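Only one structure is covered here, and it is reproduced in the block below.
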Amino acid sequence: MQASEAWGERWSNAVLPMARRYMEVACEKQSLVCLAADRNTMAGLMDLIGEVGPYIAALKTHVDLVDDWSLEKWTELCNLAQEHNLLIFEDRKFADIGKISKAQMGGIYDIRSWSDIVTAHLISGPDIVDGLQSAWQEKDREGGVLLLAQMSSRGNLLTEEYSENVVNVGVQSDGVLGFIGNGSRPEELKTLRMRVGEQKMIWTPGVNLNVGDGEMGQRYGDPYEAVLAGSDCIIVGSGIHRADNPAEVAKQYAQVSWKALINR
């Protein structure tokens with residue numbers, strides 16, 4: 001199936017190259033799964049990618065959580081991700097003004113050189129998106145920003161009014177890939193999709209095949225229901241990397257997410 005057929009209006013309305021690149025990868029792998037690879041050693045990360053790489057479309061990282069990080073090892077990880085045709089999504093949640101956020105894309109980790117996607121809060125204003133995009137442009141690379149419109153953690157302060165403001169600004173920005181939505185609450189997700197429209201994407205943490213409460217205030221919703229409600233990518237962490245057989249479970253998430261997209 002061609003990406004244009006599988007994604008419909010989302011494909012035809014996309015303006016950011018990174019959006020279409022993700023849709024093509026997802027179609028090729030028949031998976032809308034982004035793995036939240038929350039392991040704190042390079043060996044653990046490499047092993048995990050080797051196991052589940054065929055069943056996921058993107059890899060979500062927290063580069064500063066890796067205890068034994070080095071540029072050489074991280075380059076190996078990025079090469080492995082490329083071999084598996086994975087987008088690399090650094091979940092940095094930038095929040096400063098545009099100039100500082102641009103500088104933070106460089107530094108020791110040089111996020112601009114290997115990330116395809118990053119997250120950002122819009123609390124400092126829309127210039128943050130321009131700052132992040134200019135960092136990629138200096139390296140002659142394409143990238144996409146996901147703005148946090150909702151969170152799935154209990155007690156978070158992203159109110160409905162704030163969410164609406166983020167969407168209103170984000171849908172007007174060519175540098176915005178889309179929004180982070182709450183996968184644990186399909187009704188909230190449907191409302192977010194109505195606000196966002198068909199041009200931008202929604203990526204959702206807070207999903208698990210085992211629906212319910214997780215650790216530290218996390219809540220989980222059904223991944224199939226999340227995609228039907230408007231999610232374009234389900235972000236799954238412990239549901240995969242803590243499983244006895246991560247590859248088999250990742251395959252299950254891939255099948256569920258792809259079926260939901262086709263039915264949607």
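Just so it is clear, the model here is predicted, and its values are computed rather than measured.
Across every non-hydrogen atom of Q172 and N168, the tightest pair is CG-O, 3.4 Å. For the pair R193 and K200, the tightest heavy-atom approach, listed with the atom from each and the gap, is NH1-O, 3.0 Å. Counting all heavy atoms, side chain and backbone alike, Q2 lies closest to C27 at C-SG, 3.8 Å. Smallest separation of non-hydrogen atoms from A226 and G183: CB-O, 4.1 Å. Shown here for P223 and L209, the closest heavy-atom pair between the two residues is CG-CD2, 3.7 Å. In plain terms, the two heavy atoms of A149 and V167 that are nearest each other are CB-CG2, 4.3 Å.
The shortest distance between side-chain heavy atoms of L177 and M201 falls below 4.5 Å. Contact check for F94 versus V145: no side-chain heavy atoms found under the 4.5 Å cut-off. Residues S231 and L189 have side chains in contact (heavy-atom distance under 4.5 Å, counting atoms from C-beta outward). Looking at heavy atoms from C-beta onward, K102 lies in side-chain contact with E138 at the 4.5 angstrom threshold. Looking at S238 and D38, their side chains never come closer than 4.5 Å, going by heavy atoms from C-beta outward. Side chains of I240 and V33 form a contact here, defined as non-hydrogen atoms less than 4.5 Å apart. Contact of the D110 side chain with the W74 side chain is not registered, since no non-hydrogen atoms from C-beta on lie closer than 4.5 Å.
In this structure, the side chain of K29 engages the main chain of H84 through a donor-acceptor pair within 3.5 Å. With hydrogens and angles ignored, the 3.5 Å screen pairs a side-chain donor or acceptor of R20 with a backbone N or O of W11. Counting only distance, with no hydrogens or angles, the side chain of S134 and the backbone of G131 share a donor-acceptor pair below 3.5 Å. The main-chain N or O of D47 is never found under 3.5 Å from a side-chain atom of R39 such that the two would form a donor-acceptor pair. Under a 3.5 Å cut-off, the side chain of S101 and the backbone N or O of I97 do form a donor-acceptor pair.
Once rounded to the nearest 0.5 Å, the distance linking CG of L132 with CD of Q104 reads 9.0 Å. In this structure, CG in L261 is found 11.0 Å from SG in C233, a value given to the nearest 0.5 Å. Of the inter-residue distances, the one linking Q199 atom CD with E9 atom CD reads 12.0 Å to the nearest 0.5 angstrom. Here CG of D68 is found 8.5 Å from CG of L45. Values are rounded to the nearest 0.5 Å. With rounding to the nearest 0.5 Å, the separation of CD in E72 from CG in L77 is 13.0 Å. To the nearest 0.5 angstrom, K60 atom NZ is 7.0 Å from C34 atom SG.
The salt bridge (Lys or Arg N to Asp or Glu O under 4.0 Å) check on E83 picks up nothing, with sequence neighbours excluded. By the salt bridge (Lys or Arg N to Asp or Glu O under 4.0 Å) test, E187 pairs with K190, sequence neighbours left out. Partners of E76 according to the salt bridge (Lys or Arg N to Asp or Glu O under 4.0 Å) rule, which considers only residues two or more places apart in sequence or in another chain, do not exist here.
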Could you walk me through whether V236 and V207 pass the side chain to side chain contact (heavy atoms under 4.5 Å, CB included) check?
CA-CA 7 Å; V236 185; V207 296; 4.0 Å; yes
Start with the C-alpha distance between V169 and V176, add both sets of side-chain angles, then the distance that settles side chain to side chain contact (heavy atoms under 4.5 Å, CB included), and finish with yes or no.
CA-CA 10 Å; V169 173; V176 171; over 6 Å; no
Verdict with reasoning, M151 to I180, per side chain to side chain contact (heavy atoms under 4.5 Å, CB included):
CA-CA 7 Å; M151 295 183 74; I180 296 293; 5.9 Å; no
Chi angles and distances behind the side chain to side chain contact (heavy atoms under 4.5 Å, CB included) call for K73, V66
CA-CA 11 Å; K73 290 179 180 178; V66 182; over 6 Å; no
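One hydrophobic cluster, built from ILVMFWY side chains closer than 4.5 Å, cannot hold both M194 and V171; they sit in different ones. Under the 4.5 Å side-chain heavy-atom criterion for ILVMFWY residues, a single connected hydrophobic cluster contains both M105 and L71. No continuous path of ILVMFWY side-chain contacts below 4.5 Å connects V256 to V25, so the two sit in separate hydrophobic clusters. Placement of I128 and L16 within a single hydrophobic cluster is found when ILVMFWY residues are connected by side-chain heavy-atom separations under 4.5 Å, directly or transitively. The hydrophobic cluster containing M1 also contains L32, counting ILVMFWY residues as joined when their side-chain heavy atoms lie under 4.5 angstrom apart, directly or transitively.
Ring centroid separation for the pair W69 and Y109 comes in under the 6.0 Å cut-off.
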N/O donor-acceptor pairs under 3.5 Å from side chains in residues 49-59, not counting sequence neighbours:
none

Check residues 115-124 and write down every donor-acceptor pair under 3.5 Å in which the side-chain atom is one partner and the other belongs to a residue at least two apart or another chain.
unit_1 : atom_1 : unit_2 : atom_2 : d
S115   : OG     : I111   : O      : 2.8
S115   : OG     : W136   : NE1    : 3.3
D116   : OD1    : R21    : NH1    : 3.1
D116   : OD1    : R141   : NH2    : 3.3
D116   : OD2    : I88    : N      : 2.8
T119   : OG1    : D91    : OD1    : 2.7
T119   : OG1    : R92    : N      : 3.3
T119   : OG1    : K93    : N      : 3.0
S124   : OG     : A95    : O      : 3.3
S124   : OG     : D96    : O      : 2.8

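Below 30°, between 30° and 60°, or above 60°: for W203 and F89 the angle between ring planes is above 60°, a perpendicular geometry.
Listed by first and then second residue, the side-chain hydrogen bond (donor to acceptor under 3.5 Å, both in side chains) pairs that reach into residues 246-264 are N208-Y253, Y224-N263, D232-R264, sequence neighbours excluded.
For R195 and E160, the salt-bridge test passes: some basic side-chain N is under 4.0 Å from an acidic carboxylate O.
Of the residues listed (V166, T204, L148), the one engaging F179 in a side chain to side chain contact (heavy atoms under 4.5 Å, CB included) is V166, and it is the only one.
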